[in-house]
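Remember, predicted model here, so these are calculated numbers, not experimental data.
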Amino acid sequence: MTNLNKASDQMLNELLNDDADLDEYGEWTDEALTRATSNKRADGEEEYGQIKLRKPIDMETLCSSKGQILELDQNELDPAELARIATQMAMDDTKENQQNDTDQYINNELKTRIPTRDLFSQRLIDNTQDFDDQLGGMQHLIKTNGDDGTPLNGVPSSEAAGGIWKQIIYGGVGEMPPLGSTVRIHYNAYFELNDEPYDSTYIRRRPCEFQLGKFNVLPGLDLAVRTMQKRERAKFIMSSDLLYGEHGCPPRIPPKAWSLFIVELISWIDSTIVEKLDKLKISDDEVTDDFDERIRIVQTLRDMGNDEYAKQNLERAIRYYAKGKQFLIKTKTNDEHQSAQYKELLLKLYLNSAQCYLKLRKYERTIKNSNEALQLDSKSIKALFRISIAYRSLHQFDQARTYLNTAINIEPYNAEIIDEAQRLDRAIEQQKKNEQKLYYRMFNKQ
């Protein structure tokens, strides 16, 4: 390999010392540059040299614990030197892939956690146009007489003095929330020709939560949210009869004030489904005929738990997950498709519970729920990852290493798993230092 490097350096020196290969500015000519690059080794050979083998190197097999037997062709190079080069190539390849995966993971995290500038700008609007100019490009969803909110069905927009107009900014997903659902929204509210919102959940840093159909909020806002999907963001213009009425609320709300709302439906939960829990009294040995309905109930319970988890109400989230598990376990399946649905949903409930207990530092319960999840899916990365953290936190490093190694074998380039492996190594090293200090004090007492 040293001879190859010397030969390359000699070639480059000859080119640099040959005036015929330099242009008038002292730079290489195209012909000289082509000749130099053609004499250099192929990509990867510059560092490791060119070696003839009987069979090509399988990098996956080489990086595995089993390794790979490499055979030289006509003894081109000493086997010890070949092994060193091949090992270095494998280590460099692994390091490069690991860095690429880590960079990709960071980029994905940034995309999910940091909204784009456009997303922020859509929450604030240019409201310098009067409402009449804006209504032309919007859909007149609900028509009223403009005085007391009396609905006008089947009449053209020109004959309706009030109501709700809508324009979708970003489309949502899923179904629209039914009456009785508990919804969580963010909004900015503007008066006409005013860029500054007079009411904003963003400014309060707390979303608005209410139950549809009970009109615990402005009637126009209740009616508008019913037309939205989850994660949808839309612009609404509402007449005064669906807001603050003829007199308003002086001095902040003027009389007969129309408003523009930018509304984002964060989530909704069909609370009416959960109410059916008390009505469905089914014993463990009874075969149920309402599997789909029971799955919807459990999914709703999980959504309610996720909602509480997002609010950092971990104990309440755990209760919802536990109720979902208890209800789902009593549900019997009739075919493979139902069994797959059953296992998938139950796995999610155990994983969610394990995550809550982990945040609460209740590591024994984290281990219990993670083990339940692993019985359903022995290759669940989340379960392996969480149980490893729990064992590390309990200073049971051997068990933590066992589960973490299993996770690494499944996803060797997972950035979170790699970080946890480093934390585990540091914890083991710190424990060794603590033991050394303890033994030193024990044997060096005066």
From [X] [atom1] over to [Y] [atom2], what is the distance, rounded to the nearest 0.5 angstrom?
X: R296; Y: F291; atom1: CZ; atom2: CZ; answer: 11.0 Å
X: R184; Y: K311; atom1: CZ; atom2: NZ; answer: 5.0 Å
X: K230; Y: I266; atom1: NZ; atom2: CD1; answer: 11.5 Å
X: Y391; Y: T366; atom1: OH; atom2: OG1; answer: 11.0 Å
X: D307; Y: T300; atom1: CG; atom2: OG1; answer: 12.0 Å
X: I164; Y: T227; atom1: CD1; atom2: OG1; answer: 7.5 Å

Heavy-atom donor-acceptor pair, [X] side chain to [Y] backbone, under 3.5 Å:
X: D335; Y: Q338; answer: yes
X: S200; Y: Y202; answer: yes
X: N369; Y: A354; answer: no

Short N-O contact, K166 and E232, less than 4.0 angstrom:
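The answer is yes: the pair qualifies as a salt bridge.
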Hey, mind stepping through N371 and Q375 against side chain to side chain donor-acceptor pair (under 3.5 Å) and telling me if it holds?
CA-CA 6 Å; N371 276 324; Q375 289 183 10; over 6 Å; no
[Y] and [X] side chains, donor-acceptor separation under 3.5 Å:
X: N352; Y: Y357; result: no
X: T144; Y: T150; result: no
X: Y363; Y: Q396; result: no
X: Q326; Y: K323; result: no
X: Q299; Y: D303; result: yes

Counting heavy atoms not belonging to [X], are there more than 12 under 6.0 Å from its [atom1]?
X: R365; atom1: CZ; value: no
X: Q312; atom1: CD; value: yes
X: K143; atom1: NZ; value: yes
X: R204; atom1: CZ; value: yes

How far apart are the C-alpha atoms of R386 and Q355, what are their side-chain angles, what is the distance that settles it, and do they pass the side-chain contact (heavy atoms from CB on, under 4.5 Å) test?
CA-CA 7 Å; R386 289 165 191 171; Q355 178 65 12; 3.0 Å; yes
Between Y187 and T201, what is the shortest heavy-atom contact and its length?
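Looking at all heavy atoms of both residues, the closest pair is N-OG1, 2.8 Å.
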Over all heavy atoms of both residues, which pair between H140 and G163 is shortest? Give the atoms and the distance, please.
NE2-CA, 4.1 Å
The test is side chain to side chain donor-acceptor pair (under 3.5 Å); show your working for K235 and Q134 and say whether it passes.
CA-CA 10 Å; K235 178 173 77 171; Q134 298 185 52; 3.2 Å; yes
Carefully, step by step, assess E420 and R392 under the rule salt bridge (Lys or Arg N to Asp or Glu O under 4.0 Å).
CA-CA 9 Å; E420 175 58 24; R392 173 178 60 81; 2.6 Å; yes
Pair F261 and F236, ring centroids less than 6.0 Å apart
no
